[in-house]
Amino acid sequence: MSPSSRRYQLHPLIHAFASKIGRATYPHLLDGGEKLACVCFMSRLAENANMYWSKDTCKESVEAFNEDRHNFEYFLHDVYSQGMENQDLEIVDACKTFLDDFSQKCMYLEMCVLPRFYIQILERLLKSFKPDIHPVHTVELLCLLGHESRKVGDTAKYDAYMKKATKLYSANSPEFETKALSEVIYLHSYARFLSEKKVPYESKTVYRKALQICKKKMPDHPETAATLLFSGRHDKRRKENEEAVQRSRKHCTSSRSALVNIL
């Protein structure tokens, strides 16, 4: 029994042995049980992520993840990803809540797991999703992975991810019309990419589009604050000091609103 959670847990060796016997003797039963467990933990993961972005429940959400960390990591990285890759309808249909506000689920995972494993999860999900079936989520993953590559200075990977994201977004732009957060994630990422590639005028236009969506559809969201911050930095680099100051003030206001909503 785990003293911290007061729940019984199988020793990894016993679990591995039982799985081996089960697959050899009762493969259908084991497969069905694993899928049921996957649905359970993916639903709980979605609930925990929503809790993280809700008022006064951020700490509780992270603690809930830590209580079942090994199960969340295993079922997300192995069972759920494999089910999505194989288009297993039992998993695809039963785990739809995980894809609601998908980028927020990923941002939550970033807070809960080690950086290297977080990247592994993003890469595994990218491999699992079909661009023709999940173009919006594929673009989000490409942008998130591009950001991780950018942080460690891997310019080649960063360029490759963002070029793929741009091509897929352009081919599926109507899909983003009802998904404000997903579109802002892409536009913010693309504007920053253009800025680093020294295309200031075009990046400013993209930032403006992202900020218009933020203002209209998600004024108090943390991603709005992030977009204001980077847009303001972009204005500052272009010597547009008045606009930079305005963005800074709006960023502070938006950040306070987002924190109030979360904390």
Side-chain angles (χ1 to χ4, degrees), residues 102-111 114-123 125-127 129 131 135-173 175-176 179-215 217-218 221-252 254-255 258:
F102 177 64
S103 55
Q104 286 194 170
K105 303 294 194 304
C106 295
M107 293 175 193
Y108 168 68
L109 287 169
E110 185 181 10
M111 300 296 105
L114 294 174
R116 181 177 297 180
F117 189 64
Y118 171 63
I119 293 172
Q120 289 177 1
I121 290 174
L122 296 182
E123 290 174 339
L125 290 173
L126 180 62
K127 179 182 176 183
F129 287 2
V136 174
H137 302 319
T138 302
V139 168
E140 289 173 300
L141 286 169
L142 288 167
C143 290
L144 292 171
L145 281 166
H147 178 58
E148 294 302 314
S149 300
R150 173 185 169 276
K151 287 197 300 187
V152 297
D154 193 334
T155 305
K157 272 192 175 182
Y158 178 42
D159 290 356
Y161 282 132
M162 289 310 304
K163 287 176 181 177
K164 287 180 182 178
T166 301
K167 183 177 180 180
L168 191 57
Y169 172 82
S170 299
N172 297 274
S173 55
E175 297 283 340
F176 288 82
K179 299 176 178 63
L181 177 59
S182 302
E183 185 161 26
V184 168
I185 290 286
Y186 166 73
L187 293 172
H188 177 185
S189 302
Y190 183 53
R192 186 166 56 186
F193 176 71
L194 290 172
S195 178
E196 296 197 1
K197 294 300 177 184
K198 311 300 182 185
V199 192
Y201 179 77
E202 190 173 349
S203 60
K204 184 178 180 66
T205 301
V206 177
Y207 270 127
R208 281 179 175 172
K209 182 177 180 180
L211 289 170
Q212 286 172 355
I213 296 172
C214 288
K215 181 180 179 180
K217 298 183 178 180
M218 38 185 278
H221 194 280
E223 190 62 26
T224 298
T227 305
L228 282 165
L229 174 63
F230 283 96
S231 177
R233 288 180 179 176
H234 178 265
D235 291 333
K236 184 179 179 181
R237 284 197 295 269
R238 297 189 68 209
K239 309 296 183 182
E240 296 175 352
N241 296 327
E242 184 176 346
E243 288 192 35
V245 170
Q246 290 177 357
R247 298 272 190 262
S248 178
R249 288 172 178 167
K250 289 179 181 178
H251 166 258
C252 291
S254 181
S255 296

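Hydrogens, waters and symmetry mates are skipped; everything else that's a heavy atom, side chains included, is used.
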Legend entry - Atom of S182, atom of E140 and distance for their closest heavy-atom approach: OG-OE2, 2.9 Å
Inset, instruction - Could you tell me the separation between the CG atom of L109 and the CG atom of L122, rounded to the nearest 0.5 Å? - result: 8.0 Å
Legend entry - Listed partners of Y108 passing ring-ring contact (aromatic ring centres under 6.0 Å, His included), at least two apart: Y52
Legend entry - Separation of F102 CZ from K179 NZ (nearest 0.5 Å): 13.0 Å
Legend entry - side chain to side chain contact (heavy atoms under 4.5 Å, CB included) between D159 and K197, worked out: CA-CA 10 Å; D159 290 356; K197 294 300 177 184; 3.0 Å; yes
Inset, instruction - Could you check if a side-chain atom of V136 sits within less than 4.5 angstrom of a side-chain atom of N172, using non-hydrogen atoms only? - result: no
Inset, instruction - Show the numbers, then the answer: is there a side chain to side chain contact (heavy atoms under 4.5 Å, CB included) between L126 and Y161? - result: CA-CA 11 Å; L126 180 62; Y161 282 132; 4.1 Å; yes
Inset, instruction - Hey, could you give me the NZ/OG1 distance between K164 and T138, rounded to the nearest 0.5 Å? - result: 11.0 Å
Legend entry - Shortest non-hydrogen contact between A180 and I213, atoms and distance: CB-CG2, 4.0 Å
Legend entry - Nearest-0.5 Å distance, CG of residue L114 to CD of residue Q120: 10.0 Å
Legend entry - From T166 atom OG1 to L194 atom CG, the distance as rounded to the nearest 0.5 Å: 7.5 Å
Inset, instruction - Kindly give the heavy-atom pair with the smallest separation between L168 and P135, and that separation in Å. - result: CD2-O, 3.6 Å
Legend entry - K217 atom NZ, over 12 foreign heavy atoms within 6.0 Å: yes
Inset, instruction - Verify side chain to side chain contact (heavy atoms under 4.5 Å, CB included) between E148 and E110, making sure each step is shown before the conclusion. - result: CA-CA 11 Å; E148 294 302 314; E110 185 181 10; 3.6 Å; yes
Inset, instruction - Side-chain contact test, heavy atoms from C-beta onward, threshold under 4.5 Å: evaluate it for H147 versus S189 and give yes or no. - result: no
Inset, instruction - Find out whether Q104 and E223 are in side-chain contact, i.e. whether some heavy atom of one side chain is under 4.5 Å from a heavy atom of the other. - result: no
Legend entry - Straight-line distance of L141 CG to E123 CD, nearest 0.5 Å: 10.5 Å
Inset, instruction - Considering non-hydrogen atoms only, spot the tightest contact between C106 and Y118 and give its length. - result: O-CE1, 3.2 Å
Inset, instruction - Output all residues satisfying side-chain hydrogen bond (donor to acceptor under 3.5 Å, both in side chains) with E175, sequence neighbours left out; order by chain, then residue number. - result: none
Inset, instruction - Output, in order, the C-alpha distance, side-chain angles, deciding distance and verdict of side chain to side chain contact (heavy atoms under 4.5 Å, CB included) for R150 and E196. - result: CA-CA 10 Å; R150 173 185 169 276; E196 296 197 1; 2.6 Å; yes
Inset, instruction - Taking all heavy atoms of S203 and all of A191, pick out the closest pair and write down the distance. - result: CB-O, 3.4 Å
Legend entry - Considering all heavy atoms, the nearest S103-L181 contact: OG-CD2, 3.4 Å
